Amino acid sequence: FGSSVGSACGATMSRFVHPSESALPDAVVRCTVLQTISGTALGNGGAVAIYNSLQNLELLQQITLIFAYTQVGDTGAVAIGNSLQNLKQLQQITLNFWSTEVGNDGAVAIGNSLQNL
């Protein structure tokens, strides 16, 4: 898993999706741009960790989440969808769930969350 960020995020993002993290550093909370590229080891647990972290990124304007070729399924997609609907500053969203275990329930959850932005 890798990530790159802009606007005050710095190196603190290297620990962004670790489930053991209880709070995000202040620099991360001020992010306006977030890009993640995931590997095959990421599953629903990693997607839920991203959900938990995204809830705090109220200033986020651009997000790219690449879940291609992962084990993310409906549970992870629902969690990501729930987090996206709370990011009211978003102007640009790129999501990639190619070759994952996301089915209809996950896709509907993502679609519904985007309608609420």
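Just so we're clear, the structure is a prediction, and the values are computed from it rather than from any experiment.
Remark: Ile66 CD1 to Thr94 OG1 distance equals 7.0 Å, nearest 0.5 Å. Atom CG of Leu95 sits about 7.5 Å away from atom CD1 of Ile63, to the nearest 0.5 Å.
Taking 4.5 Å as the limit, some side-chain heavy atom of Leu84 sits within range of a side-chain heavy atom of Leu90.
Shown here are the side chain to side chain contact (heavy atoms under 4.5 Å, CB included) partners of Gln62, two or more places apart in sequence or in another chain: Val33, Gln92. Gln85 is linked by a side-chain hydrogen bond (donor to acceptor under 3.5 Å, both in side chains) to Asn116, counting only residues two or more places apart in sequence or in another chain. Residues passing the side chain to side chain contact (heavy atoms under 4.5 Å, CB included) test with Val72, sequence neighbours excluded: Leu42, Asn44, Ala47, Phe67, Thr70, Phe97, Val102.
Leu54 and Leu60 get closest at one heavy-atom pair: CD2-CD2, 4.1 Å. Nearest heavy atom pair, residue Glu58 against residue Gln89, reads O-CG, 3.2 Å. Nearest heavy atom pair, residue Gly106 against residue Ala77, reads CA-CB, 3.7 Å.
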Quick one: do Leu65 and Asn96 satisfy side chain to side chain contact (heavy atoms under 4.5 Å, CB included)? Show the steps, please. CA-CA 6 Å; Leu65 297 174; Asn96 182 337; over 6 Å; no
